[in-house]
Amino acid sequence: MTIGVLALQGAFEAHVKALDSLGIAAKLVRTPPELADLDGLVMPGGESTTMLKFLEKNGFFDVLQSFVRHTPTFGTCAGCILLAKDVKNPTQKSLAALDITVERNAYGRQIDSTILTAPTNLPGNPLEMVFIRAPRITRTGPGVEVLANRDGFPVLVHEGHLLAATFHPELGADLRVHQLFLDIVQAHRPS
Ligand code: GLN
């Protein structure tokens with residue numbers, strides 16, 4: 001299974017380590033051709049506006065948009081913002097692949113970043129979730145499955161081949177969310 005991690009900006013190294021712990025040697029993706037032959041892609045947290053600036057070069061945005069339409073992709077925080085159909089606070093361009101609305105920086109400023117433990121629909125214990133200037137998911141479409149909530153708002157969502165978290169599973173020791181993504185990738189591989 002070949003997994004890429006979008007490495008334009010942000011917390012991509014932590015995703016590479018998490019995947020390594022699950023036996024996957026992930027490839028860093030910095031140019032459109034590097035998306036070829038991937039079975040799945042992780043889009044990390046960071047700053048979605050900065051990532052968009054990089055994506056505007058070399059037609060990367062359009063290539064990535066057709067990629068995420070069909071290939072399993074996992075977006076965390078800024079990566080979740082990029083995947084969302086609608087982005088608010090302020091309105092922002094996105095890949096518009098995942099049927100959710102997100103509000104950027106909805107939990108406050110950097111100082112309000114926090115670590116919570118909450119129940120999830122994942123097998124096993126409650127999940128520790130690291131929030132850093134996180135977006136809030138304010139709407140989910142009918143095809144979107146909510147796997148965890150914070151204060152009644154979804155924080156981990158799944159729709160078909162797409163998975164998104166408004167927190168940073170790559171910064172904790174719990175590998176269940178990455179394992180879930182690998183299971184989604186496995187399920188979508190051509191037999
Ligand atoms: N606030 C950032 C944004 O709007 C996301 C923060 C994060 O990825 N930790 O892109």
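As the structure lists them, so they are numbered: ligands from 1, and atoms in each ligand from 1. Quick note: residue numbers are just sequence positions, from 1.
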Heavy-atom nearest neighbour in the protein, as seen from atom 4 (O) of ligand 1, with distance rounded to 0.1 Å: Arg104 NE, 2.6 Å

Check whether any side-chain N or O of Arg136 sits under 3.5 Å from a backbone N or O of Glu103 as a donor-acceptor pair, and report yes or no. no

Does Gln179 use its side chain to pair, donor to acceptor, with the backbone of Leu175 at less than 3.5 Å? no

Give a yes/no verdict on a cation-pi contact between Arg150 and Phe131, requiring under 6.0 Å between NZ or CZ and the six-membered ring centre and an angle within 45° of the axis. yes

What about Ala78: any of its N or O atoms under 3.5 Å from an N or O on ligand 1? yes

In the protein, what heavy atom is nearest to atom 7 (C) of ligand 1, and what distance, to one decimal place, separates them? Cys77 SG, 2.8 Å

Polar side-chain atom of Asp39 near backbone of Thr2 as donor-acceptor pair, under 3.5 Å: yes

With the threshold set at under 4.0 angstrom, would you say Met51 reaches ligand 1 through any of its heavy atoms? no

Flag for His178-Ser21: side-chain donor and acceptor within less than 3.5 Å: no

Does Glu128 reach the main-chain N or O of Thr117 with its side chain, forming a donor-acceptor pair under 3.5 Å? no

Distance from atom 1 (N) of ligand 1 to nearest protein heavy atom, with residue and atom: Asn105 OD1, 2.7 Å

Quick one: which of Glu170, Glu13, His15, Met43 gives a side chain to side chain contact (heavy atoms under 4.5 Å, CB included) with Val5? His15

Can you tell me if Thr73 uses its side chain to pair, donor with acceptor, with the backbone of Thr71 under 3.5 Å? yes

Note the single closest protein heavy atom to atom 5 (C) of ligand 1, along with its residue, its atom name and the distance in Å. Gly46 O, 3.3 Å

Counting from 1 in the order shown, the ligand 1 atoms closer than 4.0 Å to a non-hydrogen atom of His168 are 7 (C), 9 (N)

Numbering as shown, the atoms of ligand 1 that approach Ile81 to under 4.0 Å (heavy-atom distance): 3 (C), 4 (O), 10 (O)

Within a distance under 4.0 Å of any heavy atom of Ile132, pick out the atoms of ligand 1 and give their elements. 6 (C), 7 (C), 9 (N)

Is there a polar contact, in the sense of an N or O pair closer than 3.5 Å, between Gly45 and ligand 1? no

Does Thr76 approach ligand 1 within less than 4.0 angstrom via side chain, backbone, both or neither, non-hydrogen atoms only? neither

A student checking ligand 1 against Ser48 at a 4.0 Å heavy-atom cut-off should list atoms 3 (C), 4 (O), 10 (O)

Inspect the contact between Glu47 and Arg104 and indicate whether a charged nitrogen and a carboxylate oxygen are less than 4.0 angstrom apart. yes

Any N/O of Thr49 closer than 3.5 Å to an N/O of ligand 1? no

Using a 4.0 Å cutoff against the non-hydrogen atoms of Glu47, which atoms of ligand 1 qualify? 2 (C), 3 (C), 4 (O), 10 (O)

